[in-house]
Amino acid sequence: MIAEQYRSTLDRLLEDYCLFLVELTFVENVYDWCREKGVEEPDPGTPLKLVVDEEKGCRVVVNREIDEKVLHDRMKALEVRSALLNVAHNKTEDLDTDKKKLVYLFLKEIAARRPELESDDILEDNWVFGEMKEHGFFDE
């Protein structure tokens with residue numbers, strides 16, 4: 001998936017969440033960028049990352065191109081979590097376009113920073129899908 005082609009969608013989400021001061025940066029490899037900048041990132045496959053730095057400001061770093069295997073792995077993990085709640089509805093089926101998948105990954109990264117979600121993947125997924133619905137991504 002060429003993530004950079006969805007820059008306007010990500011910019012709109014940054015505005016919607018009042019993250020006006022957050023810089024959107026596309027790079028070849030988020031993991032390598034984090035290593036170069038001294039930012040902790042344990043996952044070599046991470047497709048995007050919200051980086052908070054009090055001195056340098058905040059930014060969302062996104063791979064220009066998200067590897068299909070990485071995307072598949074993220075969707076498979078969501079599918080497993082989804083099945084724990086409801087075997088009749090696979091949430092990954094709602095993410096039927098690259099744009100929706102990228103929005104999911106983007107909002108999932110924001111959700112991971114929300115203390116009320118307690119770093120619980122299922123709570124985060126529910127929040128993300130609620131936000132996507134509220135923002136009309138499932139009406140497209």
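Just so it is clear, the model here is predicted, and its values are computed rather than measured. One is the number of the first residue; the rest follow in order along the sequence.
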Quiz item: Checking salt bridge (charged side-chain N to carboxylate O under 4.0 Å, His left out) against E124, which of R113, R81, K108 comes through?
Solution: K108
Practice problem: Please assess V27 against N63 for the test side-chain contact (heavy atoms from CB on, under 4.5 Å), listing each intermediate value before the final yes or no. | Solution: CA-CA 5 Å; V27 298; N63 281 349; 4.3 Å; yes
Self-check item: Any I66 side-chain heavy atom under 4.5 Å of I2 side chain
Solution: no
Exercise. Sequence neighbours left out, what passes ring pair (Phe, Tyr, Trp, His ring centres under 6.0 Å) with F26? Give chain and number order.
Key: none
Quiz item: CZ of R64 to CD of Q5: how many Å apart, nearest 0.5 Å?
Solution: 14.0 Å
Quiz item: Where do H135 and L13 come nearest, in terms of heavy atoms and distance?
Solution: CD2-CD2, 4.4 Å
Exercise. Determine whether T9 and V103 make a side-chain contact, defined as any pair of heavy atoms from C-beta on separated by less than 4.5 Å.
Key: yes
Practice problem: Could you tell me the separation between the CG atom of N29 and the CH2 atom of W33, rounded to the nearest 0.5 Å? | Solution: 12.0 Å
Practice problem: Show the numbers, then the answer: is there a side chain to side chain donor-acceptor pair (under 3.5 Å) between Y6 and D98? | Solution: CA-CA 9 Å; Y6 301 104; D98 284 347; 4.5 Å; no
Quiz item: Can you tell me how far NZ of K91 sits from CE of M132, rounded to the nearest 0.5 angstrom?
Solution: 11.0 Å
Quiz item: Would you say the side-chain atoms of Y104 and D125 include a donor-acceptor pair closer than 3.5 Å?
Solution: yes
Quiz item: Closest approach of A112 and S119, non-hydrogen atoms and distance?
Solution: O-OG, 4.5 Å
Quiz item: When rounded to the nearest 0.5 angstrom, what distance separates CD in E131 from CG in N126?
Solution: 12.0 Å
Exercise. Flag this pair as yes if the NZ/CZ of K99 is under 6.0 angstrom from the six-membered ring centre of F137 and inside a 45 degree cone about the axis; otherwise no.
Key: no
Quiz item: In the single-linkage hydrophobic clustering (I, L, V, M, F, W, Y; side-chain heavy atoms under 4.5 Å), do Y31 and F106 co-cluster?
Solution: no
Identify all side-chain donor-acceptor contacts of residues 39-49 below 3.5 Å with residues at least two apart in sequence or on another chain.
residue : atom : partner : partner atom : Å
E41     : OE1  : K49     : NZ           : 3.0
E41     : OE2  : D43     : N            : 3.0
D43     : OD1  : G45     : N            : 2.9
D43     : OD2  : R74     : NH2          : 2.5
T46     : OG1  : L48     : O            : 3.1
K49     : NZ   : E40     : O            : 3.3

Practice problem: Kindly write out the residues that satisfy side chain to side chain donor-acceptor pair (under 3.5 Å) with D73, not counting sequence neighbours, or none if the list is empty. | Solution: K69
Quiz item: Should the pair F138 and F129 be assigned to parallel (<30°), tilted (30 to 60°) or perpendicular (>60°) ring geometry?
Solution: parallel
Quiz item: Atom OG1 in T97, atom CE in M1: separation rounded to 0.5 Å?
Solution: 8.5 Å
Quiz item: Taking side chain as C-beta onward, heavy atoms only, is L84 less than 4.5 Å from I122?
Solution: yes
Quiz item: If Ile, Leu, Val, Met, Phe, Trp and Tyr residues are connected whenever their side-chain heavy atoms lie under 4.5 Å apart, and connections chain through other members, are L117 and V52 in the same group?
Solution: yes
Quiz prompt | From CD (E65) to CG (L71), nearest 0.5 Å | solution = 11.0 Å
Self-check item: Minimum heavy-atom distance between L24 and L10, given as atom pair plus value
Solution: CD2-CB, 3.8 Å
Quiz item: When hydrophobic residues are tied together by side-chain contacts of less than 4.5 Å, even through go-betweens, does L123 share a cluster with V128?
Solution: yes
